[in-house]
Amino acid sequence: MVKIERVKGTRDLLPEQMAKRRYVFERIREVFELYGFNEILTPTFEYTRLFQLRSGEEVVNQLYAFRDKGGREVSLRPDLTSSVARLFVNQFQNAPKPVKWYYMANMFRYEEPQSGRLREFWQAGVELIGSANVEADAEVIALMVESYLATGLREFTVNIGDRLLLDEFAKMLGVDDDIGLMRLIDKKDKMSREDFIASLRDFGLNDGAVGKVLSLIELKGKPDEVLPKAYELFTSEVAKKELKKIEELFELLKAYGAYNYALIDFGIARGFDYYTSIVFEAIAPNDLGIGSIGGGGRYDNLVEVFGGKPTPATGFAIGIERLIPILESKGLLPEVALRPDVFVVYIGRDLEIRLKATEITQVLRKSGIKAEYDLQGRKLRKALDHANRLEVPVVVIIGRKDLAEGKVTVRDMKTGEQRAVEVEKVVGEVRRML
RNA sequence: GCCGGGGUGGUGUAGCCUGGUUAGCACAGGGGACUGUGGAUCCCCUAGCCCGGGUUCAAAUCCCGGCCCCGGCCCCA
């Protein structure tokens with residue numbers, strides 16, 4: 001026999017898991033819409049060129065890329081930001097600003113699966129296009145905070161950094177390979193201080209520069225303690241302006257009520273090289289080996305890269321497969337009952353009785369009661385056994401004797417109490433018992 | 001792409017080191033004992049050694065390769 005397994009890095013989602021996921025998606029969706037974001041969906045695959053344009057040739061290694069029968073080079077989407085930017089350029093450049101979109105969709109990245117990382121995974125995200133104001137950054141960061149809160153999560157922080165400041169920092173140190181430096185800085189938490197210093201030296205920094213990097217990564221915490229030091233470290237006008245922006249951002253977050261969850265961490269670079277200014281990532285403490293549970297930032301030149309008018313934009317995405325296990329481990333996901341409310345059982349195989357069972361099941365369903373009847377044709381004893389296993393609270397028993405008097409039997413499976421009721425009163429009786 | 005640990009019915013496992021009955025057990029599933037009353041008991045049935053190759057008289061067991069899972073690295077758009 002041929003056994004076909006799942007493709008590496010993919011998951012089957014079973015009813016219990018789907019119910020929980022749907023719960024999480026719904027909570028997030030409510031908040032997204034409350035903030036005035038509207039749902040969109042773009043194709044699952046795009047021209048590979050779209051993703052190359054944004055991030056260069058190297059990225060193709062992590063794409064699910066293939067050639068279709070028409071010879072087109074296409075790729076499954078690794079995220080939705082590129083597609084959104086394409087859509088915006090194609091059709092929405094003249095739409096009233098800002099454009100506020102959200103999505104909940106699956107993404108594909110060809111990487112080695114490990115904790116919190118699959119090859120197909122889902123993200124719930126938003127993009128806010130057309131505003132360069134810090135209010136837009138604050139709006140999406142506050143929305144991200146509210147989204148996590150809506151799922152019941154309380155222990156998390158949104159750590160905020162700034163790519164522009166990192167660029168300024170690299171310039172200040174006279175480093176040409178600013179991306180390389182950022183990658184190094186991004187890894188600071190993964191190694192010891194000594195190893196970090198050693199790798200900075202390997203990178204070619206002198207003692208003074210290493211010291212500056214060390215003071216940069218010290219810039220973590222609440223703005224009132226971090227910003228004064230930051231103003232000392234950064235000297236350029238551009239940097240000072242950006243710091244002023246961060247200062248305002250946190251004032252705005254106070255007004256949004258999201259301040260308590262926000263921290264500065266100027267060591268955050270985030271991988272995506274299209275980010276241009278404020279970037280952020282959400283972290284929730286856990287012992288599951290899961291790092292960030294979401295991230296985002298400002299990408300002011302992506303639209304232009306895709307051939308549009310220069311248009312500022314910002315957004316974020318929440319990693320569902322990272323969020324859910326954390327919620328689960330904290331007991332924040334509701335138990336969902338997949339069982340029916342009523343199980344209808346009939347006695348004997350007479351067509352007349354079977355038809356009656358079907359009709360009564362439909363009547364129950366029409367009145368909004370989750371009802372099933374025994375499609376397997378079990379004998380009464382087995383049927384009750386089955387209902388018990390399903391943990392169905394109420395069973396309706398339909399048999400010739402009762403029916404002769406126009407009645408059926410309604411049984412409470414917990415107490416074992418039961419009574420014969422008129423067929424027309426079944427719905428009322430069942431509802432009373434639920 | 002690299003490194004480490006794994007893979008036995010649907011699920012959880014025993015057996016593997018030290019090759020040798022019909023691969024055992026539990027749960028789940030189907031049927032029956034029991035013809036209008038469940039949660040119990042008993043009986044029967046269904047169903048498995050990830051795939052391929054090698055060694056051997058003989059492979060779930062030893063060896064090689066692949067696939068997949070768990071974790072880490074790289075990378076993380």
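What you see below is based on every heavy atom in this structure, not just the backbone, and it leaves out hydrogens, waters and symmetry mates.
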A:Arg411 side chain near B:rG36 phosphate (N/O to OP1/OP2, under 4.0 Å): no
B:rG20 to B:rC27 separation - C1' atoms, rounded to the nearest Å: 31 Å
Any N/O donor-acceptor pair, A:Arg6 side-chain to B:rC67 base, under 3.5 Å: no
Out of B:rC75, B:rU37, B:rC73, whichever nucleotide has its closest atom nearest the side chain of A:Glu111: B:rC75
Residue-phosphate contact under 4.0 Å: A:Arg381 side-chain N/O, B:rG39 OP1/OP2: no
First of A:Pro78 and A:Gly9 reached from the 5' end of RNA chain B, by closest nucleotide: A:Gly9
Length of the CD1-P vector between A:Ile347 and B:rG38, whole Å: 12 Å
A:Lys20 side, atom NZ; A:Ile324 side, atom CD1 - distance, nearest 0.5 Å: 9.5 Å
Touch class at under 4.0 angstrom, heavy-atom based, for A:Ser82 against every strand present: nothing
C1' gap between B:rG53 and B:rA59, integer Å: 13 Å
Integer angstrom distance from the C1' of B:rC16 to that of B:rC73: 31 Å
Sugar-phosphate only, base, or nothing, as touched by A:Arg11 at under 4.0 Å among non-hydrogen atoms: sugar-phosphate
For atom CG of A:Asp350 and atom C1' of B:rG36, their distance in whole Å: 13 Å
Phosphate OP1/OP2 of B:rG32: any A:Lys379 side-chain N/O under 4.0 Å: yes
Heavy-atom pair with the smallest gap, counting every atom of A:Leu165 and A:Ala239: CD2-O, 3.7 Å
For B:rU37, the Watson-Crick or wobble counterpart (both distances under 3.5 Å): none
Selection from B:rU37, B:rC75, B:rC73 that lies nearest to any side-chain heavy atom of A:Thr409: B:rU37
Whole-angstrom distance between B:rG30 and B:rC70, as gauged at atom C1': 34 Å
For B:rU22, the Watson-Crick or wobble partner whose two distances fall under 3.5 Å: none
Output field: ring centroids A:Phe32/A:Tyr102 closer than 6.0 Å: yes
Base B:rG36 to side chain A:Asp402, donor-acceptor N/O within 3.5 Å cut-off: yes
Distance in angstrom units between A:Arg389 CZ and B:rA28 C1', rounded: 8 Å
Contact under 4.0 Å: A:Lys187 side-chain N or O vs B:rC76 OP1/OP2: no
Closest-nucleotide ordering on RNA chain B, the 5'-leading residue of A:Glu5 and A:Leu403: A:Leu403
A:Lys245 side chain to A:Ser277 side chain, donor-acceptor N/O pair below 3.5 angstrom: yes
Any A:Arg378 side-chain N or O less than 4.0 Å from OP1/OP2 of B:rG30: yes
Span that lies between the C1' atom of B:rU13 and that of B:rA23, in whole angstrom: 13 Å
Sugar-phosphate, base or nothing in reach of A:Gln376, heavy atoms under 4.0 Å: nothing
P spacing across the pair B:rC57 / B:rA47, given as an integer number of angstrom: 34 Å
Any strand: nucleotide that pairs with B:rC73 via Watson-Crick or wobble, under 3.5 Å: B:rG1
A:Asn61 CG to B:rC73 P, straight-line distance once rounded to whole Å: 20 Å
Gap between atoms CG and C1', on A:Asn388 and B:rG38 respectively (whole Å): 6 Å
Touch class at under 4.0 angstrom, heavy-atom based, for A:Gly416 against every strand present: base
Within 45° cone of A:Tyr110 ring axis and under 6.0 Å: A:Arg119 NZ or CZ: yes
For atom CG of A:Asp385 and atom P of B:rC34, their distance in whole Å: 16 Å
Parallel, tilted or perpendicular: rings of A:Phe343 and A:His386 (30°, 60°): tilted
Protein-nucleotide distance (A:Lys8, atom NZ; B:rC67, atom P), rounded to Å: 7 Å
Gap in Å between the two C1' atoms, one belonging to B:rG48 and one to B:rG9, rounded: 4 Å
Minimum heavy-atom distance A:Glu16-A:Val336, with the two atoms named: O-CG2, 4.3 Å
Pairing of A:Glu112 and A:Arg117 as salt bridge, 4.0 angstrom limit: no
Pairwise P distance for B:rC50 and B:rG6, with rounding to whole Å: 14 Å
Whole angstrom value for the distance that separates P of B:rG36 from CZ of A:Arg349: 14 Å
Sugar-phosphate only, base, or nothing, as touched by A:Arg400 at under 4.0 Å among non-hydrogen atoms: base
Phosphate-side-chain proximity, A:Gln114 and B:rC73, N/O vs OP1/OP2 below 4.0 Å: yes
Base-pairing assignment for B:rA47 (Watson-Crick or G-U wobble, both under 3.5 Å): none
Under 3.5 Å on both distances, the Watson-Crick or G-U partner of B:rA14: none
